[in-house]
Amino acid sequence: MNGLRLIGTGRALPAKIYDNDAMTAFVDTSDEWITSRTGIRQRYFSGEGETTSGLAIEAAKKALDNAGIAPEQIDCVLVATSSGETVMPSMACIVHHALGLRADIPAMDVGAACAGFLYAADMARALLLAHGGHYALVIGAEQMSKLLDMSDRNTCVLFGDGAGACVFALEPDAEYESVFGVRGDMAIVAGGPRREQPMAMEGQAVFRFAVTAIPQSVNALLERSGKTLEEVDWVVCHQANQRIIDASVRRLGVPAEKFYKNLDRYANTSAASIPLALDEMRESGKLTSGMRVIMVGFGAGLTWAGMMIRA
Ligand code: ACO
């Protein structure tokens, strides 16, 4: 089928790291509480002069380099984000200008919170199929720090800033499956865009939702593709909480090593978490050409999405 193959990745992070001890300057918390409840040890927060589009542009340049693709070869650019520094223009238009992409291509942002990157990748494939073209630039970029109430310990320790970018090639024989879901009646993670409306979350309800959405999405992808989990090299879930991933591993009854985890170093970067992970995996040689990968995103909306591709 006409599927997406991953041919390049990149990532960008703000300069400043806040470890768990640093979070005690904002709220009554501890490294022990954060680590044992979430697996998070540190996160990046943006400072003066750092923007969501700036992170997106840096990650995108690296992804183009990594793919060996020139800007003028890109046939659509999508940015998944809930935290752009402007609503208008979109982050995609700012990236488009900075990279000098062609004028005759679609450029837009996609808002589906932590599932946003996979929504954007699927949308990119649909655009390429509808309008012709070969290469898509898909970015997840977030400054979650802008949405947080730094006096709310229920949320501020959980999130971080960053961006990941992927170049996908549409290929006639590439494997591809995707599944999507939404529960618009469950607005249990909500907030933004103004500082007066910081993010609030019913943590335990989100936890219960996530440990159901991940196994359901993985099983749906396996059923559609006729593959087994043994034939899948990696599962890359949205990096929200180590306990969510561990519970999903137990429910699926698969080896934990198949699930990539890096949330200890970045916390939850929402739409950026999956492309950030893909870039680390490629850079370290863990994800190589031809490997089969399942990705699962879940988050506010509630939204969720699963995708199976080959690198
Ligand atoms: N430091 C210390 N204590 C804290 C902190 C903190 N940072 N945050 C909460 N607590 C306290 C609470 O006030 C509560 O105290 P109380 O018993 O005196 O009232 C106690 O810790 C226990 O709180 P719980 O909510 O029961 O803790 P739980 O074990 O459920 O863990 C957590 C909370 C980590 C939020 C968990 O529910 C979770 O991970 N949920 C999923 C959230 C998530 O992943 N969201 C991301 C998806 S949505 C998106 O990405 C946009």
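Numbering starts at 1 and runs along the sequence shown.
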Just distance, no hydrogens or angles: give the donor-acceptor pairs under 3.5 Å from side chains in residues 289-311, sequence neighbours left out.
residue, atom, partner, partner atom, Å
Arg292, NE, Glu175, OE1, 2.8
Arg292, NH1, Glu231, O, 2.8
Arg292, NH2, Glu175, OE1, 3.4
Arg292, NH2, Glu175, OE2, 2.7
Thr303, OG1, Ala112, O, 3.1
Thr303, OG1, Ala300, O, 3.1
Arg310, NE, Glu175, OE2, 3.0
Arg310, NH1, Gly290, O, 2.6
Arg310, NH2, Glu175, OE2, 3.2

Atom pairs and distances, donor-acceptor, side-chain atoms in residues 185-192, under 3.5 Å, two or more places apart:
residue, atom, partner, partner atom, Å
Asp185, OD1, Arg183, NE, 2.9
Asp185, OD2, Arg183, NE, 3.4
Asp185, OD2, Arg183, NH2, 2.8

Donor-acceptor contacts under 3.5 Å from residues 201-218 side chains, at least two apart:
residue, atom, partner, partner atom, Å
Thr212, OG1, Arg208, O, 3.1
Ser217, OG, Ala213, O, 2.8

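Using a 4.0 Å cut-off between a side-chain N of Lys or Arg and a carboxylate O of Asp or Glu, Glu72 and Arg102 do not qualify as a salt bridge.
The structure places CG of Asn241 at 10.5 Å from CZ of Arg37, a figure rounded to the nearest 0.5 Å. To the nearest 0.5 Å, atoms CZ (Arg11) and CG (Leu55) are separated by 13.0 Å. Taken from CE in Met108 to SG in Cys76, the straight-line distance is 8.0 Å, to the nearest 0.5 Å.
Using a distance-only test at 3.5 Å, with no hydrogens or angles considered, no donor-acceptor pair links the side chain of Asp264 to the main chain of Gly39. The main-chain N or O of Gln242 is never found under 3.5 Å from a side-chain atom of Lys261 such that the two would form a donor-acceptor pair. Between the side chain of Gln239 and the backbone N or O of Tyr260 there is at least one donor-acceptor pair closer than 3.5 Å. Thr35 places a side-chain N or O within donor-acceptor distance of the main-chain N or O of Asp31, the cut-off being under 3.5 Å. Not one N or O on the side chain of His134 forms a donor-acceptor pair closer than 3.5 Å with the backbone of Ala169.
The two residues Lys258 and Trp234 come nearest to each other via the heavy atoms O-CE3, 3.3 Å. Across every non-hydrogen atom of Ile245 and His238, the tightest pair is CD1-O, 4.4 Å. Closest non-hydrogen pair, Ala113 versus Ala271, comes out as O-CB, 3.6 Å. Nearest heavy-atom pair, Tyr176 versus Leu4, reported as atom, atom and distance to 0.1 Å: CD1-N, 3.6 Å. Shortest non-hydrogen contact noted between Asp109 and Met91 is OD2-N, 2.8 Å. Considering all non-hydrogen atoms of both residues, Pro71 and Gly100 come closest at CB-O, 4.1 Å.
Remark: Lys227 NZ is packed, more than 12 non-hydrogen atoms of other residues, nucleotides or ligands lying under 6.0 Å away. Heavy atoms from other residues, nucleotides or ligands lying under 6.0 Å from CE of Met123 number 12 at most.
Residues Glu142 and Thr269 have side chains that never bring a donor and an acceptor to within less than 3.5 angstrom of each other. Side-chain N/O atoms of Ser46 and Asp161 include a donor and acceptor closer than 3.5 Å.
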Verdict with supporting geometry, Tyr119 and Phe180, ring pair (Phe, Tyr, Trp, His ring centres under 6.0 Å): CA-CA 8 Å; Tyr119 274 72; Phe180 294 91; 4.8 Å; yes
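The side chain to side chain donor-acceptor pair (under 3.5 Å) test applied to Thr155 returns Asp152, not counting sequence neighbours. Not counting sequence neighbours, Asp65 has no partner by the side chain to side chain donor-acceptor pair (under 3.5 Å) test. A search for side chain to side chain contact (heavy atoms under 4.5 Å, CB included) contacts involving Thr9 returns Leu6, Asn66, Cys166, Leu278, Asp279, Arg282, not counting sequence neighbours.
The closest side-chain heavy-atom distance from Thr86 to Ile94 is below 4.5 Å. A 4.5 Å side-chain heavy-atom check between Tyr18 and Tyr44 finds every atom pair outside the cut-off. With contacts defined as side-chain heavy-atom distances shorter than 4.5 Å, the pair Leu252/Asn219 qualifies.
Tested against Ser53 for a side-chain hydrogen bond (donor to acceptor under 3.5 Å, both in side chains), the candidates Glu85, Gln143, Glu58 yield a single pass: Glu85.
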